[in-house]
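Just so it is clear, the model here is predicted, and its values are computed rather than measured. As the structure lists them, so they are numbered: ligands from 1, and atoms in each ligand from 1. Below, each value reflects all heavy atoms present in this structure, side chains not excepted, and no hydrogens, waters or symmetry copies.
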Amino acid sequence: MGFAKTTCTLLFLWNLVLGPTIAKSAAEWRELSIYQVVTDRFATNDGSAPDCWIRSYCGGTWKGLENKLDYIQGMGFQAVWISPIIHNIEENTTWGYAYHGYWGDNPYKLNPHFGTPDDLKSLSTALHKRRMSLMVDIVINHLAANQKPDNVEYSRFPAPFNSKSSFHQPCDIDYANQSSVEDCWLTTTLPPLVDVKSEDASVVDIVKTYNVDGIRLDTARHVPKQYLAQFQDAVGVFVTGEALNESVPFVQQYQGPLDSAHNYPLWYALVDTFTGRTTFDYLAAIMKTEEAVFSDINVLTNFLDNHDQPRMASRVGDDLVRDKNAVTFLMFTSGIPVLYYGFEQRFDGSADPVNREPMWRSDYNTNATLYQYISKLHEIRDLASTTIEKSSYFSSYVKVLGTSTEYMALQRGPLVVVVSNVGVDGTNNSFNIAASDFAPGSTIIDLFSCSTVKVGKKGSFVSPPNEGEARKKEAFALKLPNKDGTDMKPLFLMEGVQHE
Ligand SMILES: *[C@@H]1O[C@H](CO)[C@@H](O)[C@H](O)[C@H]1NC(C)=O
Ligand SMILES: *[C@@H]1O[C@H](CO)[C@@H](O)[C@H](O)[C@H]1NC(C)=O
Ligand SMILES: *[C@@H]1O[C@H](CO)[C@@H](O)[C@H](O)[C@H]1NC(C)=O
Ligand SMILES: *[C@@H]1O[C@H](CO)[C@@H](O)[C@H](O)[C@H]1NC(C)=O
Ligand SMILES: *[C@@H]1O[C@H](CO)[C@@H](O)[C@H](O)[C@H]1NC(C)=O
């Protein structure tokens, strides 16, 4: 696989014709939060709500998505990641149709099920008008064919993919052998994913034509790292790669060749923690390792679930409290938060494909508890990050102030966040935080309950157990220092922050 020399030449020409893009750097992406959408499942052109087979096209389009940007921005998100846009195989396969977009067969054409080139341009423009950013999902590792590996009709692909020599030989992946992971085919059963050997300029073209601000690179661990590095250079925008693995040293290898990777090691740990299967010590240990091993954890993309993984609500059942704590952690820990569409409506599909529900089932209810809650978290994030210099908030790493079996306290900038993993049953235990940057003697305020606590020596304070059923259900608190503890209106906090 290789990014052909012609790419650089073509890139140069495009630069001459179109001028530099307004591409966003990693440092700019670090300040954003991302909402992930499967285009086919998010919204239809006319707002209708068709029934559909979960393995088929359901009717979502780029126009439909554009019409729902109020919904996404209303929750506070600043960027949207859309599923792959290129032309896919049309056939009904053993696994159904290519509604998800990961079975490309022509990188030079768009998938007509999602709209026209003008529709995609219009979505991009609409996002930029709102000062939001567009991230596009790109697959360079493979194309798809609905024929057995030995019978793939290569002539069906456009040049330079129209010959067998552009691809690796079919073989099954041995996951213990990285060369095999990179060269063998992701699937050899129908429809096989035909492993591409050489790249072309189609992605650079996409970035320029549709004014793409960032790329989510699918199956990055299946692409040799030197080609990832060439890809990153050629596209010239922020790239976050998918390297699905629980190991920190394994995923770390992808930051460098690419700007960023999905934070899979953190994901494994946070799922276990917030579902109550392990303690906060375990999560804290992973956070510490990541801080030491990655060159910059603040540009990694963090998530609770996605189109490949069971939704959080499928793991925690009826327990909204666990969802709230998990999403609070997501929004305030180091790294870029990515929320998978439907989390805010408590969609509870487990494994693929049932975790790709049509969004219209929710009626886009902006009154949903988690919708409102996430919007509030964005307000607090905004408050915390503008109280001090914004870039210093987003370049600082979150500090773990302490853990217990039931709680974790984090400090980022002027904000202390206490999350718990006890769920809806609550706890009667308080949590002693031994030290923080809060001034001894000051009063701090819980941004959710508006209750206050006094800060002791070294910034120590006690996070109380929540009293009463209603508050017990929200066994976490966000705390900001307050100037004199008298005025508890959140607005006051902006000028009342004492940071040392
Ligand atoms: C597609 O194929 C699946 C199984 O191979 C079959 O169950 C389904 O009915 C087919 N759908 C259509 C619309 O042809
Ligand atoms: C690893 O995979 C590569 C590519 O398939 C293969 O050529 C090589 O023999 C494998 N190495 C081992 C030790 O199995
Ligand atoms: C992570 O990578 C290691 C080493 O390559 C491999 O043994 C393991 O199976 C991988 N884990 C997953 C979930 O793929
Ligand atoms: C949301 O709640 C408000 C106030 O309770 C109500 O007026 C509005 O109709 C609700 N909207 C929806 C979509 O349920
Ligand atoms: C908290 O204390 C109350 C009153 O003693 C008790 O009823 C409740 O079960 C306790 N809750 C937990 C989670 O221990």
Side-chain angles (χ1 to χ4, degrees), residues 40 50-59 88-100 103 113 141 144-148 172-187 189-193 218-225 228 241-255 257 261-272 276 286 289-290 293-294 303 305-306 308-310 319 321-322 325 351-354 404-407 420-431 463-476:
D40 179 61
D51 277 337
C52 61
W53 182 39
I54 197 82
R55 292 187 187 278
S56 181
Y57 283 97
C58 287
N88 272 225
I89 58 171
E90 272 301 327
E91 297 97 323
N92 188 12
T93 73
T94 340
W95 300 101
Y97 294 89
Y99 68 89
H100 42 69
W103 295 341
H113 292 275
N141 179 63
N146 194 31
Q147 293 132 3
K148 293 216 168 85
D172 292 315
I173 291 178
D174 165 10
Y175 278 94
N177 173 353
Q178 185 60 26
S179 307
S180 165
V181 170
E182 291 171 4
D183 293 349
C184 289
W185 292 18
L186 199 50
T187 60
T189 53
L190 283 174
L193 298 175
D218 185 66
T219 46
R221 77 164 165 178
H222 298 279
V223 180
K225 290 174 199 77
L228 293 176
E242 177 204 21
L244 202 173
N245 198 282
E246 68 283 4
S247 144
V248 176
F250 183 92
V251 178
Q252 179 273 330
Q253 303 171 77
Y254 292 86
Q255 185 170 50
H262 290 334
N263 199 341
Y264 258 106
L266 185 72
W267 174 76
Y268 280 98
L270 74 82
V271 165
D272 282 351
I286 297 279
T289 306
E290 291 207 323
V293 171
F294 282 101
F303 56 98
D305 48 27
N306 60 36
D308 289 328
Q309 305 298 345
D319 199 336
V321 180
R322 291 189 183 282
N325 279 277
D352 161 20
V354 295
S404 71
T405 48
E406 299 171 326
Y407 295 108
S420 89
N421 69 349
V422 296
V424 71
D425 293 337
T427 174
N428 289 330
N429 297 326
S430 56
F431 181 39
S463 178
N466 288 319
E467 299 149 7
E469 209 43 42
R471 290 195 48 220
K472 190 177 287 178
K473 285 187 177 174
E474 315 208 351
F476 60 89

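With a heavy-atom cut-off of 4.0 Å, Tyr264 does not touch ligand 3 at all. Proximity of Glu246 to ligand 3, defined as any heavy-atom pair under 4.0 Å, is confined to the side chain (atoms from C-beta onward).
Two residues are said to be in side-chain contact when any heavy atoms from C-beta on lie closer than 4.5 Å; Val251 and Phe294 meet this criterion. By the 4.5 Å heavy-atom criterion applied to side chains, Trp103 and Leu193 are counted as neighbours. Within the 4.5 Å cutoff, no side-chain heavy atoms of Asp308 are placed close to those of His100.
Within ligand 5, the atoms closer than 4.0 Å to a non-hydrogen atom of Asn428 are 1 (C), 2 (O), 3 (C), 8 (C), 10 (C), 11 (N), 12 (C), 14 (O), numbered from 1 in the order shown. Below 4.0 Å from some heavy atom of Arg221 lie the following atoms of ligand 3, by number and element: 14 (O). Within the listing of ligand 3, atoms 5 (O) sit less than 4.0 angstrom from a heavy atom of Tyr175. Below 4.0 Å from some heavy atom of Tyr268 lie the following atoms of ligand 3, by number and element: 13 (C). Counting atoms of ligand 3 from 1 in the listed order, those under 4.0 Å from a heavy atom of Leu244 are 14 (O).
Asn421 CG to Asp319 CG: the interatomic distance, rounded to the nearest 0.5 Å, is 10.5 Å. Summarising the geometry, atom CD belonging to Glu242 is positioned 10.5 Å from atom OH belonging to Tyr254; distances are rounded to the nearest 0.5 Å. The distance from atom OG of Ser247 to atom OH of Tyr268, rounded to the nearest 0.5 Å, is 10.5 Å.
A donor atom on one side chain and an acceptor atom on the other are found under 3.5 Å apart for His113 and Glu90.
Between the side chain of His222 and the main chain of Val181, a donor-acceptor pair closer than 3.5 Å is present. Of the possible donor and acceptor atoms, none in the side chain of Asp40 sits under 3.5 Å from a partner among the backbone N and O of Tyr57.
Within 4.0 Å of ligand 1, the residues that place a heavy atom are Trp53, Asn92, Thr93, Tyr97, listed by chain and number.
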